[in-house]
Amino acid sequence: MPYDRTIRTGRRFTLAALASVLATFVVTTALLAGFLIWTAVRIDEEALERQRSRVIHVVEALLEALPREQQSVAIWDDALLAIRNADQAWLDINVGQWGFSYYGHDESLIVLPDNTIAHAWISGVTRAGSELTRRAHALAPLLADLRERAGRGYADEPPYLADYVLLDGRPAIASVIPVVSDSGRLHDEAGTEPLLVSIVWLDLDLELRLMDQYLLEVGRFTATQSRPQLPILPVTNRSGRIVAFYEWLPYRPGEQLLSAAAPGLVIAVVIFGLVLLLMMRRLWLSSRDLEGRQREVERQASEDSLTGLPNRQSFEARFERLLEGGTSERPTALMMLDLDRFKQVNDTLGHNAGDALIAAVGQRLRSVCEDSSVLARLGGDEFAILHEKHDTPEDLLALAQRIIEAIGRPFSIDGVDAFVGVSIGIVMAGTDDRDRRELTRRADIALYEAKAAGRNRACFYEPSMDVAVQSRHTIEAELREALADDSQLWVAYQPLLGRDASTTIGAEALIRWTHPRLGYVSPANFVPVAEASGLIEALGQFVLRNACELGARWPGRLIAVNISPAQLRNPGFSDNLLDLLKQTGMRARDLEIEITEGILLDDESVAAAAIRRLRAAGVRIALDDFGTGYSSLNYLKRYPVDRIKIDRSFISQLPHSASSAAIVEAMVRLAHALGIMVTAEGVETPDQHGLLVRMGCDTFQGFLFSPPLAASEIASVFAAVPDAPARVA
Ligand code: C2E
Ligand code: CA
Ligand code: CA
């Protein structure tokens, strides 16, 4: 189905669109986040690199800074003199306290050439030199090195040496410089100068100073790495030994940037995501809406609105698909259903009732049909069932019977019981049957046969029916010619007798056709064809004119003429007939028209009006084939008729069938109770006649008395009784 495909394509398209929008959003967000993080990491890496080189620089710079600080004291005549004079007070103030308070030198020593400690200060406080002898030991290589350098001589500035050292296991910077004259007036032999040793511990004081002075990050010296995530730099001495580490809290501008920007970005992404979600929801809803509407359109296009069953188009499409499919799912039978007397319900109860009836019929059919079959309403009062299961003809017939029974039960419509029947045509599909139209045509033919056979029954298609259809076509063509020819058609009259059987009170006009090639053609064969083809108008007119001409010549004799439902449905019928009476001079009361229940049932309004009009003009009305319909007795009260003609099928059962006898007797009694005359037709034996007389029948017709006669012969019969007999009418 194209609709189906459209819906599926539409949904796939919507889903794809939604998915790509979502994917774009996710990818964009991820890329943005990735880029930001990458940038932050890069910035942090660069910052860290800069910090690392600054720490390296500071660690190196310290080894230069300490000697420079010492120089302010060590290159000074006064200091040299104070050492020579052992001026403790002067040295305390200008060396020990100054170095500690001004530069933060934790320990200061004056070491003599023999490596004895002349003066010592810890945190600016004088100590006994012996207390720090071990310093001289620990620093001996450094001191020796410096002395060796000084011993080589120097121009203006004395050499100095600073290094990272471990003293008593504590890391420190030790710096050593000779104490020399600044004026040059005092002199020591090179390499024998007293040495000023300054020690600065790598501790909090220094750390604070570094942060303050060199703007280093918050950090500290440590013997081992304490936290692996912190950057760390080894502090090595001159010989490459690690003395300590400097670890610090790195400044991470990238991270800072990220954490500053992140909340805003997250909010932006969330808002954007929400807006996107809302848009997608809108898109999704509207696409679903569209899909729903498409589905509805599809449903309406393929479904019959009254019954909810598939309609003709979708049924035919399904049928085609099944026929194209493999043998396993090939349809095995097609049933065509047509309601009987639906038109009557529609006309009497109105279109709404008709619709309700169709819907109810659809429901009953659905409840009877198996799931393996496709039930559809083709339109009007036509339904079809496609059987996909391999059913035997017996199964199909049983199903048809169930359907007929189900539909035969009264339908309660607006509180009124409505009765309809159903005729069914069935065709079995052979494995080679792939033509839907041909199968449908055959099912239609079978349906026509079912209707012709008396309705409310099922009929299987047989090839001979094609011949019947064929011959119907031939008959129609031939009849058309015969009507123009006027030598082939004539009217026979069957005498109508009174109670004592010697009085011919009238005759029934019966059409006769003597075909030049086919010979005698029965009206039972060609009248239905004439009715179906519309030729009945001309044919009926021919009979009526003939009958009226006869009736005009024999006033007082009742001439009965059969009128087809199709004739009565013509709104001009009554005018035409009254005209004909006038033209021929026949008295209206000598004419009786024979109608069947079908007229009353099928076309109430026009036909009923015509009947009322004719009756008012004096024409008599007879109900022909009485007892074969479904509601004969009911309608007697509603429609004014003068006579009923009990159908030959009842009479022929007499006198042996007790039930037929009971029925006939009841019909006679009822008719008489309503003031209606009764004719028994098809009387063939004296026994039948005797019984019917006893039952009270008023008039008789049948081969027992006379077959239908030519017009000249009936004239002789009439002439044999010159005075019109007292008519029993
Ligand atoms: P019908 O109206 O029931 O006509 C009576 C039929 O019963 C006639 O058959 C008649 O020949 C036959 N019949 C009469 N007595 C006996 C009997 O004792 N035994 C048997 N077995 N049959 C008897 P026919 O002439 O073949 O007509 C058949 C039907 O064709 C009629 O049935 C009527 O429905 C229709 N028909 C005949 N002529 C006309 C006509 O001019 N107009 C219309 N619309 N229908 C006609
Ligand atoms: Ca008749
Ligand atoms: Ca009849």
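Just so you know, ligand 1 is whichever comes first in the structure, and atom 1 is the first atom listed for that ligand.
Under the 6.0 Å distance and 45° angle rule, R364 counts as a cation-pi partner of F411.
By the 4.0 Å N-to-carboxylate-O rule, K343 lies too far from D381 to be salt-bridged with it. Note on R472 versus E476: no salt bridge recorded, every NZ/NE/NH1/NH2 to OD/OE distance being 4.0 Å or above. Taking 4.0 Å as the cut-off between side-chain N and carboxylate O, E594 and K645 count as a salt-bridged pair.
Remark: ligand 1 and R648 share an N or O pair separated by less than 3.5 Å (distance only, no angle test). Considering backbone and side-chain N/O of E531, none are found under 3.5 Å from N/O of ligand 1. Among the atoms of R512, some N or O lies under 3.5 angstrom from an N or O of ligand 1. Backbone and side-chain nitrogen or oxygen atoms of F703 are examined, and one is located within less than 3.5 angstrom of a nitrogen or oxygen of ligand 1. At a 3.5 angstrom cut-off on N or O pairs, G702 does not count as close to ligand 1.
Between G682 and ligand 1 there is a heavy-atom distance shorter than 4.0 Å. Contact analysis puts E508 in contact with ligand 1, with a non-hydrogen atom separation below 4.0 angstrom.
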Would R312 and E316 satisfy salt bridge (charged side-chain N to carboxylate O under 4.0 Å, His left out), going step by step from the backbone distance to the final call?
CA-CA 6 Å; R312 181 186 288 275; E316 286 177 353; 3.7 Å; yes
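Neither side chain, Y461 nor D444, offers a donor N or O lying under 3.5 Å from an acceptor on the other. Between the side chains of T699 and R643, a donor-acceptor pair is found at a separation under 3.5 Å.
Summary: OD2 is the N/O/S atom of D624 found nearest to the Ca ion (ligand 2). When the N, O or S atoms of E508 are ranked by distance to the Ca ion (ligand 2), OE2 comes first.
Under 3.0 Å from the Ca ion (ligand 2) lies no N/O/S atom of D625, from backbone or side chain alike. The Ca ion (ligand 2) has E594 among its coordinating residues (N/O/S atom, backbone or side chain, under 3.0 Å).
Within ligand 1, counting atoms from 1 as listed, the ones closer than 4.0 Å to a heavy atom of S564 are 44 (N).
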